[in-house]
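Notes to accompany the following structure.
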Amino acid sequence: MRKIFLLLFGISTLLVNAQQKLNQALKKELDEIMKVDQGYRMLFDSEITPEKRDQLLKDLNIDAEEFKKKSWQLVAEHDSLNMKKIENIISQYGYPGKTLVGEPTNQAAWYVIQHSKKIGKYLPLIKDAGKKKEIPFTWVAIMEDRYLMYENKEQIYGTQGKGEMTKDKDGKEVFINFIWPVKDLKNVDKRRKEAGFTSTVEENAKKMFGNDFKYEPYTLKQALELRNKTSK
């Protein structure tokens, strides 16, 4: 019994020490940043009830009329403000991973960078954080895929999807969703498993676009042609 007590005491002491090593002030700041980043996007969730949306507007201190008027512009404005905060934090601490701020706060900087136009600048930092296990490698994979998509290149892990307005065979405008082209498609699920994903690329596609979504692989040429057609 005494051995069990000592073991439990030792474990609790380690947990307390680990908690004390966290930068609590930085953790609080990042938690607030992530609250804004995720909260603003939840407002556009098609499944959110009007009551929950009203409460979320209140929690985020957003004027309902301003939100109605600005919509996604308001999100973009706060994304820009959040990015400036994250860049200041990174310049002082490097990537704020789980050793510094714990989990899930170590997601905050990743989300802000993922939603910015500066992925290329910070992808090496994200890769290094993944290598040091400050963030899961799946996050590295998701960000790398998004970067490649933005660069009009094939993604590696099949994590990114797109939606484009196009025309059907009758010339009628239609909106389609598709998974951005994947490099070495036949081995993508193997790469996903090695990266830590638990779903196949097809299963992930259904999570993004719904169970009725039929996964049809696009070549890079097809995707770029679709984008060019949309921009005309």
Side-chain angles (χ1 to χ4, degrees), residues 7-45 47-48 52-63 66-67 70 72-147 157 159-160 195-198 207:
L7 177 62
L8 292 174
F9 178 76
I11 293 173
S12 63
T13 301
L14 287 172
L15 291 173
V16 169
N17 288 339
Q19 186 71 15
Q20 289 176 341
K21 289 179 182 178
L22 298 182
N23 187 322
Q24 296 296 335
L26 181 58
K27 173 178 167 55
K28 183 177 180 181
E29 181 180 0
L30 285 165
D31 283 340
E32 186 60 31
I33 288 172
M34 186 156 64
K35 175 185 174 183
V36 171
D37 179 275
Q38 294 297 287
Y40 272 74
R41 284 168 170 79
M42 285 175 62
L43 290 168
F44 296 90
D45 188 336
E47 297 182 2
I48 192 172
K52 287 186 177 180
R53 182 177 282 106
D54 289 343
Q55 184 59 51
L56 190 53
L57 287 169
K58 184 178 179 181
D59 292 342
L60 294 170
N61 196 29
I62 303 172
D63 180 77
E66 183 183 16
F67 174 71
K70 288 189 172 182
W72 270 100
Q73 181 187 340
L74 205 59
V75 179
E77 290 173 0
H78 281 80
D79 280 353
S80 179
L81 292 172
N82 279 343
M83 191 63 206
K84 289 178 182 178
K85 294 176 183 178
I86 291 300
E87 288 189 298
N88 288 334
I89 289 170
I90 287 174
S91 67
Q92 184 174 354
Y93 299 97
Y95 186 86
K98 68 177 183 180
T99 301
L100 187 64
V101 295
E103 298 176 296
T105 309
N106 62 333
Q107 299 178 40
W110 181 91
Y111 272 119
V112 174
I113 295 170
Q114 181 77 344
H115 294 148
S116 76
K117 295 181 179 179
K118 296 186 176 182
I119 292 178
K121 178 179 179 180
Y122 289 104
L123 185 56
L125 181 74
I126 295 297
K127 288 183 175 181
D128 186 59
K131 184 178 180 180
K132 294 177 180 177
K133 301 189 184 302
E134 292 294 333
I135 58 173
F137 186 78
T138 50
W139 299 2
V140 180
I142 292 169
M143 186 171 288
E144 185 169 16
D145 272 358
R146 179 164 291 193
Y147 172 71
Y157 303 97
T159 65
Q160 301 298 298
F197 294 105
T198 58
K207 287 181 181 178

So Lys28 and Asp31, do their side chains get closer than 4.5 Å, heavy atoms only? no

Between the CH2 atom in Trp139 and the CD atom in Glu134, the distance rounded to the nearest 0.5 Å is 10.5 Å

Please tell me if the side chains of Val101 and Leu22 come closer than 4.5 Å, counting only heavy atoms from C-beta onward. no

Would you give the length of the straight line joining atom CG of Asp59 to atom NZ of Lys35, rounded to the nearest 0.5 angstrom? 6.0 Å

Identify whether the distance between the nearest side-chain nitrogen and carboxylate oxygen of Arg41 and Asp37 falls below 4.0 Å. yes

Search all heavy atoms of Ile142 against all heavy atoms of Gln114 and return the closest pair with its distance. CG2-NE2, 3.3 Å

Where is the tightest heavy-atom contact between Pro96 and Ile90, given as atom of each residue plus distance? CD-CG1, 4.4 Å

Are Lys58 and Gln55 packed together at the side-chain level, in the sense that at least one heavy-atom pair is separated by less than 4.5 angstrom? yes

With a 4.5 Å heavy-atom cut-off, do His115 and Met83 have their side chains touching? no

Is there side-chain contact between Lys118 and Ile113, with heavy atoms separated by less than 4.5 Å? no

What about Trp72 and Phe44, are their ring centers closer than 6.0 Å? yes

Shortest non-hydrogen contact from Phe197 to Ala141? CE1-CB, 3.8 Å

Just wondering, do Leu56 and Leu43 contact through their side chains at under 4.5 Å, heavy atoms? yes

Roughly how far, to the nearest 0.5 Å, is NZ of Lys70 from NE2 of His78? 8.5 Å

Does any non-hydrogen side-chain atom of Met42 lie less than 4.5 Å from one of Lys52? no

Closest heavy-atom pair and its distance - Glu47, Asp45: N-OD1, 2.9 Å

With a 4.0 Å cut-off, would you call Asp128 and Lys132 a salt bridge? yes

Is it the case that Tyr122 and Glu87 place a side-chain donor and acceptor less than 3.5 Å from each other? yes

Starting at CD of Gln160, measure out to OH of Tyr147 and round the result to the nearest 0.5 Å. 14.0 Å

Lys127 vs Met143, side-chain contact (heavy atoms from CB on, under 4.5 Å): CA-CA, chis, key distance, verdict: CA-CA 9 Å; Lys127 288 183 175 181; Met143 186 171 288; over 6 Å; no

With side chains defined as the heavy atoms from C-beta onward, is the minimum distance between Ile89 and Ile33 less than 4.5 Å? yes

Value for CG (Leu74) from CD1 (Ile62), rounded to nearest 0.5 Å, stands at 6.0 Å

Using distance alone, with no hydrogens and no angle criterion, decide if Gln92 and Asn88 have a side-chain donor and acceptor under 3.5 Å apart. no

Heavy-atom pair of closest approach, residues Tyr95 and Ile126: CE1-CD1, 3.7 Å

On a heavy-atom basis, which atom in Ile48 and which in Arg53 lie closest, and how many Å separate them? CG2-NH2, 2.9 Å

Rounded to the nearest 0.5 Å, what's the gap from OH on Tyr111 to CE on Met34? Could you check? 7.0 Å

Whether the side chain of Asp145 engages the backbone of Tyr157 through a donor-acceptor N/O pair (distance < 3.5 Å, no angle test) should be reported. yes

